[in-house]
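Some notes on the structure that comes next.
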Amino acid sequence: MIKGSGCVMAIGGNEDKRGSRSSLLATFVRRAGGDAARIVIIPSASVEPVRRAAQYTRLFRRLGAQCVITVHTERGATPDELLLIENATGIFVTGGDQLQLMQHLRRTGAAASIVNAVRNGAVYAGTSAGAAAVSQRMLYGHTLENGHEVVKFAEGLGLVPGVIVDQHFSQRQRLPRLTHAVETYGLVGVGIDENTATIWEGGTTVTVCGAGGVTLVQPGRDDVHVATSGETLPL
């Protein structure tokens, strides 16, 4: 169950950016209010935040949103900008480096503003790094040390309790690291393929949409469950 009455879309990265009305980005705009949406883009995970924000601004306007602004938390955030986040109907967080993203969000107070916005009914959509950040315990990478894979964790936004999210899942063969995360923390692992989203909304309704699959890894179980578009996840 998500924190609050809003909606959380975790997108596995590399989503369709052609402006199609059937795309995941179009779903986000519709859920955020369509032409009445107030969308805030946070591109702070990206190595090119200005270019990335401009790209999504064009896309969201093409999909019908009239009010689209960017808050560059990598530069800081004013009280007015934090208020814009809290009053947004849709918050979109781009891909990049999720550890860097969370450092900027916490340092500026934007993390709390995002949580408050979702609690009050906003739609949060994060792609790639923005998807990883929805869980409290956040996966952010892995390295090899003495011939063994070491998975790295940090604190995320905690918008969706009880799970840990990984992205680019099938494309980057991330089942072993997600399984390790599940075994380490006893959380339900949610591995999201590219151009695919898991959508959490009021109550315990969790659905899948998009082109790929979402893999569930449950603590204490050897099997995995893969859901595809239109299916409800057993969470």
Side-chain angles (χ1 to χ4, degrees), residues 1-4 6-15 24-25 28 31-32 39-49 52-53 56 70-74 77 81-82 85-86 88 90-119 122-142 151-169 172 174 177-178 181-182 184-185 187-194 196-201 206 210 214 235:
M1 183 183 297
I2 65 171
K3 286 187 174 180
C7 169
V8 174
M9 292 182 65
I11 303 170
N14 198 27
E15 70 282 357
L24 297 175
L25 297 179
F28 165 66
R31 285 176 171 267
I39 293 175
V40 173
I41 298 169
I42 301 177
S44 306
S46 175
V47 295
E48 297 180 294
R52 188 63 67 201
Y56 283 110
T70 299
V71 175
H72 285 280
T73 60
E74 72 279 5
E81 287 175 323
L82 295 179
I85 295 171
E86 293 209 24
I91 299 164
F92 189 86
V93 179
T94 71
D97 182 330
Q98 53 261 44
L99 185 61
Q100 171 183 290
L101 168 68
M102 287 307 307
Q103 289 170 344
H104 293 314
L105 294 182
R106 278 196 293 270
R107 175 177 54 83
T108 58
S113 294
I114 291 170
V115 172
N116 287 339
V118 174
R119 183 178 290 125
V123 179
Y124 173 100
T127 183
S128 190
V134 304
S135 44
Q136 186 71 53
R137 182 67 61 179
M138 180 182 72
L139 266 167
Y140 77 90
H142 61 277
V151 182
K152 296 183 178 181
F153 303 93
E155 183 181 355
L157 289 166
L159 294 172
V160 186
V163 304
I164 189 162
V165 173
D166 210 347
Q167 12 72 36
H168 302 283
F169 193 69
R172 300 186 185 178
R174 286 179 165 173
R177 83 171 192 177
L178 184 60
V182 170
T184 301
Y185 291 105
L187 299 167
V188 176
V190 180
I192 309 171
D193 290 351
E194 292 178 356
T196 308
T198 300
I199 303 177
W200 285 266
E201 48 195 330
V206 185
V214 173
L235 285 176

Starting at [atom1] of [X], measure out to [atom2] of [Y] and round the result to the nearest 0.5 Å.
{"X": "R172", "Y": "D193", "atom1": "CZ", "atom2": "CG", "value": "12.0 Å"}
{"X": "I41", "Y": "T94", "atom1": "CD1", "atom2": "OG1", "value": "9.0 Å"}
{"X": "T196", "Y": "H168", "atom1": "OG1", "atom2": "NE2", "value": "11.5 Å"}
{"X": "I192", "Y": "Q167", "atom1": "CD1", "atom2": "CD", "value": "8.0 Å"}

(message) To check you understand the geometry: which heavy-atom pair defines the closest contact between A77 and L82, and what is its length?
(response)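 Looking at all heavy atoms of both residues, the closest pair is CB-CD2, 3.9 Å.
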
(request) Indicate the atoms forming the closest heavy-atom contact of M138 with A132, along with that distance. (result)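 That would be CG-O, 3.4 Å.
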
Looking at side-chain heavy atoms only, is the closest gap between [X] and [Y] below 4.5 Å?
{"X": "T108", "Y": "V71", "answer": "no"}
{"X": "I114", "Y": "I42", "answer": "yes"}
{"X": "T127", "Y": "F92", "answer": "yes"}
{"X": "Y56", "Y": "T70", "answer": "no"}
{"X": "E155", "Y": "R137", "answer": "no"}

Heavy-atom donor-acceptor pair, [X] side chain to [Y] backbone, under 3.5 Å:
{"X": "T73", "Y": "S44", "result": "no"}
{"X": "Y124", "Y": "G130", "result": "yes"}
{"X": "R177", "Y": "D166", "result": "no"}

(request) Determine, step by step, whether L157 and M102 satisfy the side-chain contact (heavy atoms from CB on, under 4.5 Å) criterion, reporting the C-alpha distance in whole Å, the side-chain angles of both residues, the deciding distance to 0.1 Å, and the verdict. (result) CA-CA 8 Å; L157 289 166; M102 287 307 307; 4.0 Å; yes

(request) Assess whether side-chain contact (heavy atoms from CB on, under 4.5 Å) is satisfied between L159 and V115, documenting all intermediate values. (result) CA-CA 7 Å; L159 294 172; V115 172; 4.0 Å; yes

(message) Applying side-chain contact (heavy atoms from CB on, under 4.5 Å) to I164 and F153, what does each step give before you reach the verdict?
(response) CA-CA 10 Å; I164 189 162; F153 303 93; 3.7 Å; yes

(request) Identify, with sequence neighbours excluded, every residue that meets side chain to side chain contact (heavy atoms under 4.5 Å, CB included) alongside R107. (result)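 Residues passing side chain to side chain contact (heavy atoms under 4.5 Å, CB included) with R107: H104.
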
(request) Begin with the C-alpha distance, continue with both residues' side-chain angles, and end with the deciding distance and a verdict on side-chain contact (heavy atoms from CB on, under 4.5 Å) for V160 and V206. (result) CA-CA 11 Å; V160 186; V206 185; over 6 Å; no

